[in-house]
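In what follows, a single structure is set out as structure tokens and then discussed.
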Amino acid sequence: MWNVFRAELTKLRRPSLSVSTLLAVTFVTSLITSVLFLLVDSPEGNGERGMRISRDVLSLPTGISLSFSNTAGLLGVVALCVFAAQTAQEYTYGTLRNLLVRQPSRMKILLGKLGAMKLFAIAMVTFSAIVGIALSYLYAGVKDISTQAWSTPDAKTAVWHSFINVLIATIGYGIFGMILGLLFRSPISAISIGVIWNLIFEGLLSAFVKNIDRYFPGQLLSTVATGGTDRISYQYALFTSYGFLLGGLAIVAFLFKKRDVAN
Amino acid sequence: MSSPLALDVADLSKKYGDRMALSHANFEVPMGSICGFVGPNGSGKTTTIRMLLGLITPTTGGGHVLGESIIEPEKYLPRVGAMIEGPAFYPALTGFQNLNVLAKIGGFATDSISGLLELVGLGDRGGSKYKTYSLGMKQRLGIAAALLPNPKLLVLDEPTNGLDPAGIHEIRTLFRELADSGTTVFVSSHLLSEIEMISDHLVMLRLGKVIFSGKTSDLLAKQQPVIVAKPENVSDLNKLAQIATAAGHKATIMENTVHVTGTSDFSAKLNKAAFEAGIILASLTPVKASLEETFFEMTGE
């Protein structure tokens, strides 16, 4: 498994993937942070679905990591794409047969890949946190928002909690991408179905059907990223979303183990 | 005592739906030999190779690779190098990086990669991305990847595809060197002249069934040699055929020649008999049966 992990890192480090992922992370983090701070006085709202997040809220110790935790959904989409592409490309390039000749244990292949992609997700989330916090300080100065509480121990705790929650959510989205990659064996199919499911299907239904978001893994992962909401507790969101994901992963892992590699 | 076997399969079958991709195959490949694996498209060659490498599960039967059962590929694959259905690598990685990925997964030393790239003629292109490679270069990288584990058995599916004549000659020489050093080379190819030149053993498939398995020389010896006689005068064709038939040989007129079944010993007798009958021969050529002719005869292609 360790050998697969090391080999997978070589593939993940390639500039075409790592640089484009960092650019995507910079873009989504900058977008969310800019909207949150620069539209703080806008009557249209500066948060998700038109929600208004006031200067007072941004001045709290949690204000330093608010933009970063709001980025989780889009970071999740990036992770979904990376995990799905890295998994499904083995089928489209025909490289899976090479991997299996060199490592016949299919579970070791799967776990090694997953481990390496989790490390990639950690790097992604860390980079997003750095960009989000740096931009928060920059925009706070521009919009005259107090950052006094951002250097308190409470702020450090909030940053740490946000980091863990966003990481759990991002890896969850990534696992969803990996499931789709193994199921559809094509990066384009896996990514398009994953994005449509998360952004359109789950998003639309949750907006119109009350409480249905309690049963959607993508919506629950967003809840995990923000540390829970009034309606859905953190524990419920965490255990239900990961229950769905690990169940799905177990099914596709079984298929991966049993399926003939004939392409 | 019989020589140890690199490969043996018994009653090996694979069924997809109603179609038997491979049907009750039995064959053996001795250690240290170069074995050609031939058959028309769709005859089950790649299916067999995939079963030997643990990529697909047999419907019935079994076999052994380097003495280990094919249901436990982890026991023999570290000693096997393979290229199946052409080379397959990551386009955005360089040739070196692609080999590095496979070496890491297999737990092999990565310091042999440069030497392998040199060996297959990619020493100066190892740093180029795979997507920039020509077909021949991709093929060479596939062979280098197969050699990574310093294999006891090399399984190659159409390894000379896309190579120029010089490249084919290099690879042929490489196979012979590997076999001489004790590596068994199991190679499928549609280039029968190549297979005939390099292989000591042969496994021939048709419609998912093994129709020959054994020494190449034994197969070719089974085929009747032919003497091709060309009379100076085309009107003597029938008369020449009758002379050969009267001597107890099968004769067939093909274009402006008579093909007479028989060893080269009969050439002198045929020449004398033709001269005595007033026929002047423009040419008289004994022809050994080639693998290609044998293949077409046996497979009915």
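Proteins get letters first, then strands, A, B, ... in listed order; numbering begins at 1 in each.
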Heavy-atom distance under 4.5 Å to chain B: side chain of A:Leu9, backbone, both or neither? neither
Can you check whether A:Leu221 reaches A:Thr170 side chain to side chain, under 4.5 Å on heavy atoms? no
More than 12 heavy atoms of other residues, nucleotides or ligands under 6.0 Å from CD1 of A:Ile188: yes or no? no
So B:Arg50 and B:Glu85, do their side chains get closer than 4.5 Å, heavy atoms only? yes
Contact class of A:Gln89 relative to chain B, heavy atoms under 4.5 angstrom: side chain
Examine whether an atom of B:Pro78 lies under 4.5 Å from a heavy atom of chain A, and if so say whether it belongs to the side chain, the backbone or both; otherwise answer neither. backbone
Flag the one option from B:Pro149, B:Gly81, B:Pro91 with the top tally of heavy-atom pairs under 4.5 Å to chain A. B:Pro91
May I ask you to name which of A:Arg6, A:Met1, A:Gln103 has the most heavy-atom pairs under 4.5 Å with chain B? A:Arg6
Measuring heavy-atom distances to chain A, does B:Leu93 have an atom under 4.5 Å in its side chain, in its backbone, in both, or in neither? side chain
Is the number of heavy atoms from other residues, nucleotides or ligands within 6.0 Å of CG (A:Leu119) greater than 12? yes
Does any heavy atom of chain A fall under 4.5 Å from the side chain of B:Lys75, the backbone, both, or neither of them? neither
Which of B:Thr59, B:Thr60, B:Thr47 passes side-chain hydrogen bond (donor to acceptor under 3.5 Å, both in side chains) with B:Ser13? Answer is B:Thr60
For A:Thr95, is it the side chain, the backbone, both or neither that has a heavy atom under 4.5 Å from a heavy atom of chain B? both
Between A:Ile109, A:Val101, A:Leu100, the one whose heavy-atom pairs under 4.5 Å with chain B are most numerous: A:Val101
Among the listed options B:Val80, B:Ile84, B:Thr57, B:Asn98, the residue most often paired with chain A at heavy-atom distances under 4.5 Å: B:Ile84
Report, as yes or no, whether the 6.0 Å neighbourhood of atom OH on B:Tyr16 holds more than 12 heavy atoms from other residues, nucleotides or ligands. yes
Does the salt bridge (charged side-chain N to carboxylate O under 4.0 Å, His left out) test come out yes or no for A:Glu90 and A:Lys11, once each step is laid out? CA-CA 11 Å; A:Glu90 306 292 2; A:Lys11 289 185 259 170; 2.6 Å; yes
